[in-house]
Amino acid sequence: MLTGVKRLAALAAGIVTVLAPWYGQPTPLRLTAWVSVLAATLAIWAPRLPRVPLAALAAVVSLGGSLWAWRWLGYDFVDDGSDSSKLLLWTTIDVGALTTLAVALSRGAGRAGRLTGVLLLLPGSAVGFRLLPDAAVGEQLFLGALGASTVLAGALLGRYLRGLDELRATVVEQARSEQRRQLAADLHDYVAHDIAGIAVLAQSARVVGASDPGALVAQVEQAAARALRRLDRSIRLMRDDGHPTHQYGLADVPDLVDAHPIRVELTMAVAGHGDISAAVQATAYRVIVEALTNVARHARTAVAVRVSVTQREGHLDLVVANELTAGATPPRAEGQGTGLASLRARVDALDGTMRAGREQGSWQVRVTLPLH
């Protein structure tokens, strides 16, 4: 869009530059129009140039041209056929260039530039002295009001476009913030889960390492490889390089459970994954990841863990429960940690419910997500 505007401005500047030396009378008004067009073209093509001096130059030259016409032109000249039409042509070009300048200043310049854009109303309102130098004051004021209104419309358009630019920048920043939040959530939910698993395996090595060190090393290697893959996914998300990223869902839950360093009993009663939305599946997966990560962090390796995923009419029920042993340190139920608080926000966003706490000698995370 901007390239098209630049091309149009360059074309207009070229035509005016070719016609200004010879087409029509009087010469001073051709000069004022050429200066205004040149200033508007530079403001569009070179936005880093100081626009306030350009606009001030165009305003002074245009206003000077109007005062010259008021002083030296008479009604006979204005009423003389072709010269009158050429005078109207150059005046229209001048006002159009001032309007374009007002758009550029109101859209892209600072406070001083926007003020200068409003001050362009003054030369715009002086066109009545050009076209009707000997007419009644009322007629001159009427034409001046038309010229000023045209420039004012340009200034208002510039402010409107500036508002769109600011809105676009705000939307982009919000998208980037959401991307950063998603990255942080991925690092917490996925990478932290694998690292917690590595820590559990390392603790287990103190007990059974001497009997079967090869198996423990293989498990640590697999957990580290998963952590690296998920970290790579998060880095691709941060770079936004256009590569598709895997959306975790219920189909990934069995692999998640199998990879957990603590034995997990999984029960899944789901009619069909395809009937459940991606948002619900992703949230369910994150709930299970976070719950299992907390088990690895706070419970002992010998604890019994149970994961249940049940689809009933209109809802998906999730339960992650682990026995509370003497050495266990359960997470805080009210979501004071970032993990549970983040999960609660995700569940609430889907109009679901979440409860986490002690229940019948175990720590349970219960989530119900609506499917419709």
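Residues take their numbers from the sequence shown, with the count starting at 1. Keep in mind it's a predicted model, so treat the numbers as computed, not measured.
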Selection residues 52-65 - residue pairs positive for salt bridge (Lys or Arg N to Asp or Glu O under 4.0 Å), sequence neighbours left out | none
Name all residues meeting the side-chain contact (heavy atoms from CB on, under 4.5 Å) criterion together with [X]; count only those two or more places apart in sequence or in a different chain, and write none if there are none.
X      : result
Gln311 : Val270, Ala271, Ile276, Leu316, Leu371
Leu156 : Leu152
Arg355 : Glu359, Arg366
Pro254 : Leu266, Met268

Residue pair [X] / [Y]: nearest heavy atoms and the distance that separates them:
X      : Y      : value
Val280 : Leu350 : CA-CD1, 4.0 Å
Ala39  : Leu54  : CB-O, 3.8 Å
Leu101 : Ala58  : CD1-CB, 3.6 Å
Gly124 : Leu98  : N-CD1, 4.2 Å
Gly147 : Val95  : O-CG1, 4.3 Å

If you look only at pairs with a residue in residues 53-63, which of them pass as a side chain to side chain donor-acceptor pair (under 3.5 Å), with sequence neighbours excluded?
-> Ser62-Asp94, Ser62-Arg130
Once you round to the nearest 0.5 Å, how far does [atom1] of [X] lie from [atom2] of [Y]?
X      : Y      : atom1 : atom2 : result
Ile288 : Ser308 : CD1   : OG    : 9.0 Å
Leu369 : Arg346 : CG    : CZ    : 11.5 Å
Glu166 : Leu161 : CD    : CG    : 11.5 Å
Leu105 : Arg162 : CG    : CZ    : 11.0 Å
Asp351 : Thr368 : CG    : OG1   : 13.0 Å
Leu141 : Leu146 : CG    : CG    : 11.0 Å

Verify the cluster assignment for [X] and [Y]: are they in a single hydrophobic cluster under the rule of side-chain heavy atoms below 4.5 Å apart?
X      : Y      : answer
Val37  : Leu31  : yes
Val103 : Leu42  : no
Val151 : Leu122 : no

If you link ILVMFWY side chains whenever their heavy atoms are less than 4.5 Å apart, which other residues fall into the same cluster as Leu167? By chain and number, please.
-> Val171
Other than Val172, what residues sit in its cluster of Ile, Leu, Val, Met, Phe, Trp and Tyr side chains whose heavy atoms are under 4.5 Å apart, directly or through others?
-> none
Could I get the full list of side chain to side chain donor-acceptor pair (under 3.5 Å) partners for Asp348, not counting sequence neighbours?
-> none
Could you tell me which residues satisfy side chain to side chain donor-acceptor pair (under 3.5 Å) with Thr283, sequence neighbours excluded, listed by chain and number?
-> none
Side-chain (Asp252) to main-chain (Gly249) donor-acceptor, under 3.5 angstrom = yes
Between Gln281 (side chain) and Leu250 (backbone), is there a donor-acceptor pair under 3.5 Å?
-> yes
Can you name the salt bridge (Lys or Arg N to Asp or Glu O under 4.0 Å) partners of Asp317, sequence neighbours left out?
-> Arg312
Does any non-hydrogen side-chain atom of Val307 lie less than 4.5 Å from one of Leu256?
-> no
Contact check, side chains of Arg306 and Val319, non-hydrogen atoms, under 4.5 Å = yes
Might you work through the side-chain contact (heavy atoms from CB on, under 4.5 Å) test for Val35 and Thr32, ending with a clear yes or no?
-> CA-CA 5 Å; Val35 170; Thr32 62; 5.8 Å; no
